[in-house]
Structure formats: structure tokens, C-alpha cells
Amino acid sequence: MMTEHRRRGARVVAVAAAGVLLAGCGSSGAKSGEDPDPKPSASARPAGGSTEPSGSPEPQGTKEPGALPSAYEFTPDPARVPRTAAQARRLTRNAALGEADWTAGMVRGTPYETAGTWTVLADSCVWSRSALPDGVLDSFTRRLDIPAQDGKGRVRGSVTVTVHRTVGGADREIKDTVQESFRCPAQELGGGQRLSGLMSLQFDQKDVRNADASLFEAGKYTGPGSGGTQDYVWSKSRIGPVTTAVSVKGAKGYQNSDLLRIAAEGGAKVLYRVELELK
């Protein structure tokens with residue numbers, strides 16, 4: 001029992017340490033058959049209860065040029081916050097990253113886009129897709145891969161942008177997501193893809209510099225063409241009523257630090273684009 005506690009504690013520390021890289025990336029920087037591609041949304045429960053960038057929004061509270069802001073202080077323009085499904089679809093398409101937007105050499109994954117659906121994690125810990133709940137105006141996913149080359153395997157990435165009707169609904173998506181990894185530390189994605197050893201951590205707001213809320217998840221991934229068990233990293237963030245999610249499934253020849261860099265770059269860029277849509 002003590003051995004298991006020590007192992008679990010070590011995993012929590014590892015998740016926290018790795019997540020610092022993602023939480024600390026401000027928007028003034030370089031700014032996850034068809035499987036459900038985990039967690040562009042949170043769970044089966046409805047969450048409604050409660051353009052290219054030409055430059056970065058001006059950092060707030062910085063003392064030196066290029067320094068990260070001491071706190072996240074961006075406030076969406078109420079007139080720019082989507083109120084209808086059509087407005088939400090414009091935002092999600094404009095904010096989602098394309099082939100040339102994330103990192104060099106990326107190509108379209110398969111399927112490239114999934115729109116207007118909501119992912120559900122059943123009690124069996126198997127992911128599926130359903131219709132959008134009433135509290136969600138739109139959710140849009142793009143899959144972008146780094147192709148196999150130079151003896152390395154194919155890295156599979158995805159980016160999802162979701163617009164909720166309310167800030168409360170988006171915040172609940174963040175909170176629900178953290179609980180899902182504890183409820184289901186092993187998850188089936190479909191098509192023979194599987195995640196295991198999942199651990200999630202929501203950051204203290206004082207440690208987040210480019211969003212209203214952020215969380216990080218890490219684990220292991222196996223699936224067709226994965227070349228065995230690989231690392232998996234995933235992050236989700238919220239700005240106002242909009243959430244973003246970035247997942248990266250590892251491959252032969254890539255270290256966990258490589259995946260963290262890829263995820264941090266994609267996460268910072270999509271958050272920056274969300275800001276542009278809301279400012």
C-alpha cells in the first residue's frame with residue numbers, strides 16, 4: 001500500500017512539474033475509423049447551467065519588455081462574446097489552429113475536422129460522441145500530426161475550441177475534466193486507442209498567465225501505429241465562456257519534453273487567437 005501511495009504521489013509531482021511549462025506560457029509568446037479524440041468537452045452532463053494574429057495583446061502588469069504578466073487580466077468585450085450558434089461557429093473556426101499555425105511540418109490528421117458534437121465519458125470509461133448539450137453553442141476539433149520521418153514515429157495532435165453559453169458552464173467543464181481522470185485513469189478512445197495512468201491537475205490561478213483557468217493531464221497512450229506505449233500530454237484552458245483543449249500523443253523517438261513543448265506551443269497560440277476573437 002505504501003509503495004502505491006509513493007508511486008501515485010510521484011506521478012502527481014511529475015504532472016505538476018510538467019504542467020508548469022504549459023501554465024507559464026503567456027500569450028505574448030509564440031502565440032488533442034474516427035475516434036472521439038479525448039475531451040474537447042468534459043462529460044455527459046450539460047454545461048449550460050449556471051484572422052490571423054498580427055501581434056500579441058499588450059501584456060498587463062509587466063515591468064520589462066517581453067516579460068510575462070504578473071496576473072491574467074484580459075476581459076472579453078461583451079459585444080464580441082458569441083450569443084448564437086452561428087457566432088460561436090465563427091469564433092471556433094477562426095481560433096482553431098490549421099496546418100501552418102501550430103508547429104513546423106504539421107499535416108492534417110484523420111479525420112481532419114469534427115464539428116458540432118460533444119464527447120461523453122461513459123461509466124465504462126469509453127469515450128463516444130453525442131449532440132451538443134443545451135449549454136454549449138459550438139465545439140470544433142482539428143487534428144494535426146507531425147508525420148513519421150528520420151526514424152521517428154507519427155505524433156498525433158488535436159486542438160478543440162468550445163463556446164459555452166455562460167462562463168459558469170465553461171468553468172464547470174474545467175472542473176469536471178479534472179475529476180474524469182480520477183474516475184477513469186484508463187480510457188478507451190475507440191479504434192483500438194487507449195489511455196492509461198492518467199493524472200490531471202488544475203492550476204492555482206496565480207500560476208496561470210494566459211487564461212482564466214487551466215489544467216494539465218498526462219499519461220500513456222497506445223494504439224494502431226503507435227509503436228508501443230508512448231507518452232501522452234493534454235491541456236485545457238478557459239477564457240471567459242470559451243474553452244480550448246490541446247492533446248499530443250507521442251511516438252517513437254520523441255521524449256516527454258518534446259511533447260510538452262509541442263503542447264505548450266499549440267496551447268499558447270490557440271489561446272491568443274481566442275483573445276483576438278473576444279477583444
Side-chain angles (χ1 to χ4, degrees), residues 21-32 40-41 51-62 65-104 106 108 112-116 136-144 157-167 169-171 173-174 203 205 208-215 235-247 261-279:
L21 173 62
L22 301 182
C25 288
S27 59
S28 59
K31 326 227 199 211
S32 52
S41 327
T51 218
E52 282 297 311
S54 58
S56 308
E58 183 177 345
Q60 310 226 9
T62 56
L68 286 172
S70 58
Y72 188 69
E73 300 178 356
F74 174 76
T75 300
D77 180 349
R80 300 274 289 172
V81 174
R83 302 299 179 193
T84 67
Q87 292 171 345
R89 284 192 292 270
R90 284 194 293 272
L91 184 149
T92 59
R93 273 84 177 151
N94 287 342
L97 306 180
E99 296 165 77
D101 302 325
W102 189 338
T103 196
M106 276 191 153
R108 294 186 179 192
Y112 176 49
E113 296 178 340
T114 301
V136 177
L137 292 171
D138 189 53
S139 187
F140 181 65
T141 296
R142 280 191 179 139
R143 295 169 185 81
L144 296 163
S158 74
V159 57
T160 297
V161 184
T162 300
V163 180
H164 291 257
R165 292 186 183 275
T166 67
V167 171
D171 194 52
E173 181 189 343
I174 296 287
F203 301 118
Q205 184 53 45
V208 181
R209 308 294 178 84
N210 62 348
D212 292 316
S214 288
L215 64 86
S235 66
K236 176 174 281 186
S237 300
R238 176 182 68 80
I239 296 178
V242 180
T243 63
T244 65
V246 170
S247 73
R261 177 188 56 77
I262 295 167
E265 183 178 350
K269 286 181 176 178
V270 70
L271 285 170
Y272 172 55
R273 290 167 75 122
V274 169
E275 284 190 2
L276 290 184
E277 292 297 311
L278 294 175
K279 66 182 292 188

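In what follows, residues are counted from 1 in the order of the sequence shown. Quick caveat, the model's predicted, so the values are computed rather than measured.
- Side-chain atoms of T114 and T141 form no donor-acceptor pair, as typed in the model, at a separation below 3.5 Å.
- Taking the side chain as every heavy atom from C-beta outward, V167 and R238 approach each other to under 4.5 Å.
- With hydrogens and angles left out, the side-chain atoms of R273 and T244 include no donor and acceptor closer than 3.5 Å.
- With sequence neighbours left out, A79 forms a side-chain contact (heavy atoms from CB on, under 4.5 Å) with D77.
- Annotation: the span from L91 atom CG to L137 atom CG amounts to 10.0 Å, rounded to 0.5 Å.
- S139 and T162 get closest at one heavy-atom pair: OG-OG1, 2.8 Å.
- When every heavy atom of F203 is checked against every heavy atom of V208, the shortest pair comes out as CB-CG2, 3.7 Å.
- Among residues two or more places apart in sequence or in another chain, the salt bridge (Lys or Arg N to Asp or Glu O under 4.0 Å) test is passed with R108 by E99.
- Interatomic distance, I262 CD1 to T103 OG1, rounded to the nearest 0.5 Å: 6.5 Å.
- Here the closest non-hydrogen pair linking V270 and A95 is CG2-O, 3.5 Å.
- A distance-only check finds a donor-acceptor pair linking the side chain of Q87 to the backbone of R83 [under 3.5 Å].
- Rounded to the nearest 0.5 Å, atoms CG (L215) and OG (S237) are 7.0 Å apart.
- Remark: the backbone N or O of A211 is paired with a side-chain donor or acceptor of Q205 at under 3.5 angstrom.
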- side chain to side chain contact (heavy atoms under 4.5 Å, CB included) assessment of R93 paired with D138: CA-CA 10 Å; R93 273 84 177 151; D138 189 53; 2.6 Å; yes
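- Put simply, CZ on F74 and NZ on K279 are 7.5 Å apart, with the number rounded to the nearest 0.5 Å.
- Residue T75 holds its OG1 atom at 11.0 Å from CD1 of I239, rounded to the nearest 0.5 Å.
- Put simply, CG on L97 and CG on L144 are 7.0 Å apart, with the number rounded to the nearest 0.5 Å.
- Distance alone, capped at 3.5 Å, is enough to place a donor-acceptor pair between the R80 side chain and the E277 backbone.
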- Task: Apply salt bridge (Lys or Arg N to Asp or Glu O under 4.0 Å) to K269 and D101, showing your working.
- Result: CA-CA 8 Å; K269 286 181 176 178; D101 302 325; over 6 Å; no
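- Taking all atoms of both residues into account, the shortest heavy-atom contact from P241 to V81 is CG-CG1, 3.7 Å.
- Closest approach of F140 and A115 over heavy atoms only: CD1-CB, 3.8 Å.
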- Check the pair K236 / E173 against salt bridge (Lys or Arg N to Asp or Glu O under 4.0 Å), numbers first and verdict last. CA-CA 9 Å; K236 176 174 281 186; E173 181 189 343; 2.7 Å; yes
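- With a 4.5 Å cut-off on side-chain heavy atoms, P78 and L278 do not count as touching.
- Annotation: side-chain contact (heavy atoms from CB on, under 4.5 Å) contacts of A85 (sequence neighbours excluded): R89.
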